[in-house]
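First the structure, in the form of structure tokens, and then the observations on it.
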2 protein chains.
Amino acid sequence: MSDSEQLSSRIHVNPQPSGKIGKSERTRAAILNAAVDFLWTHPFRDMTVNSLMASTGVGRSAFYQYFKDLHELMEILLDTVKGEIMAVTGPWFTGVGDPVVLLRESLDGLVEVCYQQGPILRATTDAATTDERLEKAWAQFIKRFNDGVTTRIEADQAQGLIPDFDARPVAIALNLMDAYTLIEAFGRRPRSKPEQVREALVRIWISTLYGSEWLGNESSNLVRT
Amino acid sequence: MSDSEQLSSRIHVNPQPSGKIGKSERTRAAILNAAVDFLWTHPFRDMTVNSLMASTGVGRSAFYQYFKDLHELMEILLDTVKGEIMAVTGPWFTGVGDPVVLLRESLDGLVEVCYQQGPILRATTDAATTDERLEKAWAQFIKRFNDGVTTRIEADQAQGLIPDFDARPVAIALNLMDAYTLIEAFGRRPRSKPEQVREALVRIWISTLYGSEWLGNESSNLVRT
DNA sequence: ATCTAAAATAACACGATGTCAGATTCTGAA
DNA sequence: TTCAGAATCTGACATCGTGTTATTTTAGAT
């Protein structure tokens with residue numbers, strides 16, 4: 001367990017089509033930032049519209065001009081993280097080169113992003129249990145991963161790099177492992193050490209898919225002999 | 001996805017110290033059963049004291065004579081399932097004999113219990129996000145598994161059956177994988193096919209710990225050669 | 001400086017919670 | 001069988017958070 005800096009990443013306003021930044025945009029961003037700040041220091045269950053708006057300059061009811069409810073706000077926060085995660089895990093899904101190396105890189109990136117955004121992810125899954133819409137958004141996010149991983153496993157199976165087994169259930173289990181391990185490790189303070197978490201996930205993925213003989217030090221073997 | 005029978009298991013009253021079964025005990029059991037029935041057909045977020053007590057003979061406010069709130073009720077339901085799970089996963093933790101066989105047996109049992117109790121488990125984790133006390137009860141339950149698995153891995157490492165690595169982070173990841181994979185698969189209808197889920201979990205556990213060479217058909221190899 | 005549309009607010013109705021005093025229903029002793 | 005005390009149940013209330021709307025305030029273009 002280690003933790004020191006916690007600069008919760010800020011949300012910035014998109015300049016308008018008109019070029020200027022309106023009052024509306026500023027308030028909206030202020031609310032989103034207040035939410036991020038709040039979630040770095042409190043669980044989602046303690047977030048009320050009141051407690052949230054208290055730290056902005058404006059009154060409670062203004063909230064509803066920007067968001068339908070707290071869950072819609074969470075869905076928007078999820079979208080920002082979703083983008084980062086998709087970007088960083090791309091390599092293994094699409095990349096060319098040694099699959100083991102690519103897998104390592106993707107997991108590295110995933111751990112890094114989740115370390116930075118842990119509280120948002122935890123709050124999202126927490127909030128999803130009380131809202132059908134958000135629950136579906138989360139499920140869909142996970143499903144994209146399940147599809148991607150399944151496809152990649154099947155491709156590598158066709159090449160004889162991965163033994164033959166029913167790919168989808170394994171993909172689902174591994175993805176759920178990632179999601180909840182990372183949320184558990186980084187979703188609240190004190191956060192676990194990222195290296196330990198990464199080592200564990202890498203070990204499990206590689207042992208399961210490519211075989212533990214590929215676990216040797218970092219990036220030694222680039223092609224199968 | 002398959003599903004047909006869904007006999008949600010009933011909760012029975014414990015005979016009193018006096019030997020008789022009081023009115024109080026019957027009502028209490030009725031509420032618990034109503035809760036189980038409800039959770040087989042609705043998510044926890046839709047459960048209110050009102051909706052719950054509607055299906056018992058008694059009024060809403062009687063609920064509070066038996067439970068502090070809905071979360072305390074969930075904690076009691078969790079306890080019943082917890083017992084079953086501990087019982088069925090005992091083998092691998094304490095048992096003697098081929099560790100791979102024992103691991104298979106434990107996972108078999110775990111899948112079976114979760115298939116029967118899926119909705120209760122899902123409801124528990126859902127409810128845990130909105131209540132600190134229940135959240136801690138769940139965390140403690142998981143922690144017992146983490147401790148047990150860590151100990152077992154370290155013991156087998158000492159025997160050279162499992163390669164040397166930091167056992168605890170791997171144990172945590174594997175346990176979280178089990179928990180959320182099973183909840184996802186069996187926590188609501190339609191439930192997934194138990195066999196597929198079991199195959200996937202067994203594959204991941206065995207590949208990671210003992211090596212994929214032990215994945216051969218069911219119970220062939222009893223001792224390491 | 002004025003005017004208008006956007007933004008913020010105050011006040012309201014609603015629904016769920018948890019409590020409590022009083023009513024009702026059991027129970028078993030006479 | 002009766003009835004007193006205890007156990008159980010209920011209705012009514014106070015509270016809290018939500019989401020809406022009618023109205024006021026403010027920003028910024030002309």
Side-chain angles (χ1 to χ4, degrees), chain A residues 13-35 38-39 42-76 123 126-134, chain B residues 13-35 38-39 42-76 123 126-134:
Chain A
V13 294
N14 326 20
Q16 278 295 86
S18 58
K20 307 215 67 170
I21 290 169
K23 183 185 186 182
S24 170
E25 284 74 32
R26 251 182 295 108
T27 305
R28 185 189 150 94
I31 297 174
L32 285 168
N33 281 317
F38 186 95
L39 293 172
H42 310 276
F44 176 77
R45 64 169 160 268
D46 291 343
M47 187 163 96
T48 67
V49 178
N50 224 334
S51 68
L52 178 58
M53 298 303 282
S55 50
T56 71
V58 298
R60 182 181 72 87
S61 47
F63 173 86
Y64 296 97
Q65 306 223 311
Y66 298 93
F67 309 98
K68 189 179 157 296
D69 54 26
L70 287 176
H71 294 96
E72 185 181 283
L73 180 150
M74 290 310 303
E75 199 171 337
I76 288 160
D126 283 359
T129 64
T130 51
D131 182 75
E132 187 172 1
R133 191 178 154 82
L134 184 57
Chain B
V13 294
N14 324 20
Q16 277 296 85
S18 58
K20 307 215 68 170
I21 289 170
K23 184 184 186 181
S24 170
E25 283 73 30
R26 253 181 294 106
T27 305
R28 186 188 149 93
I31 297 174
L32 286 168
N33 281 316
F38 185 96
L39 294 172
H42 310 277
F44 176 77
R45 64 169 161 269
D46 291 343
M47 187 163 98
T48 67
V49 179
N50 224 334
S51 68
L52 178 59
M53 298 304 283
S55 48
T56 71
V58 297
R60 182 181 73 86
S61 46
F63 173 87
Y64 296 97
Q65 306 228 307
Y66 297 93
F67 309 99
K68 190 180 156 295
D69 54 27
L70 287 176
H71 294 97
E72 185 181 283
L73 180 149
M74 290 309 304
E75 199 172 338
I76 288 160
D126 283 358
T129 64
T130 51
D131 183 76
E132 187 173 0
R133 192 179 154 80
L134 184 56

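Proteins get letters first, then strands, A, B, ... in listed order; numbering begins at 1 in each. What you see below is based on every heavy atom in this structure, not just the backbone, and it leaves out hydrogens, waters and symmetry mates. Predicted model only: the values in this text are computed from it and were never measured.
In this structure, the CD atom of A:Glu25 is 15 Å from the P atom of D:dA27, given to the nearest Å. Remark: C1' of C:dA16 and CZ of B:Arg45 are 17 Å apart, rounded to the nearest angstrom. If you take CZ of B:Phe67 and C1' of C:dT17, they are 17 Å apart, rounded to a whole angstrom. Distance B:Leu73 CG to C:dT17 P: 12 Å, rounded to the nearest Å. If you take CG of A:Leu70 and P of D:dT18, they are 6 Å apart, rounded to a whole angstrom. In this structure, CD1 of A:Ile31 is placed 11 Å from C1' of C:dA7, rounded to the nearest angstrom. Across the protein-nucleic acid pair, B:Met53 atom CE and C:dG18 atom C1' stand 14 Å apart, rounded to whole Å. If you take CZ of B:Phe63 and P of D:dT10, they are 15 Å apart, rounded to a whole angstrom.
For D:dG19, the OP1/OP2 oxygens have a side-chain nitrogen or oxygen of A:Tyr64 closer than 4.0 Å. Between B:Tyr66 and D:dT8 there is no side-chain N or O to OP1 or OP2 distance below 4.0 Å.
Note: A:Glu75 CD to A:Asp131 CG = 8.0 Å, rounded to the nearest 0.5 Å. From B:Phe44, atom CZ reaches atom NE2 of B:His71 across 4.0 Å, with rounding to the nearest 0.5 Å. How far CZ of A:Phe63 is from OG1 of A:Thr48: 10.0 Å, rounded to the nearest 0.5 Å.
Map A:Lys68 and B:Thr27 each onto its nearest nucleotide of DNA chain D; the residue landing nearer the 5' end is B:Thr27.
Comparing C:dT17, D:dT18, D:dT8 against the side chain of B:Ser24 picks out D:dT8 as the nearest. Picking from D:dC9, D:dT18, C:dT17 the nucleotide with the shortest atom distance to the side chain of B:Gln65 gives D:dC9. Each of C:dA7, C:dG18, D:dG19 was ranked by its minimum atom distance to the side chain of B:Asp69; first place goes to C:dG18.
End-to-end axis angle of the helix from C:dA1-D:dT30 to C:dA30-D:dT1, from C1' rotation axes over five pairs per end: 0° (rounded to 10 degrees).
The two residues B:Leu39 and B:Met47 have their closest heavy-atom pair at CD2-SD, 4.1 Å.
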Checklist line | Stepwise side chain to side chain contact (heavy atoms under 4.5 Å, CB included) check, A:Phe38 with A:Ser51 | finding: CA-CA 9 Å; A:Phe38 186 95; A:Ser51 68; 3.7 Å; yes
Next item on the list: Please step through side chain to side chain contact (heavy atoms under 4.5 Å, CB included) for the pair A:Ile76 and A:Arg28, ending with a clear verdict.
Entry: CA-CA 12 Å; A:Ile76 288 160; A:Arg28 185 189 150 94; 3.9 Å; yes
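Panel note: side chain A:Arg60, backbone A:Met53; no donor-acceptor pair is recorded below 3.5 Å.
Applying the 3.5 Å distance criterion, the base of D:dG19 shares no donor-acceptor pair with the side chain of A:Ser61. Side-chain to base pairing of B:Arg60 with C:dG18: one donor and one acceptor N or O lie within less than 3.5 Å of each other.
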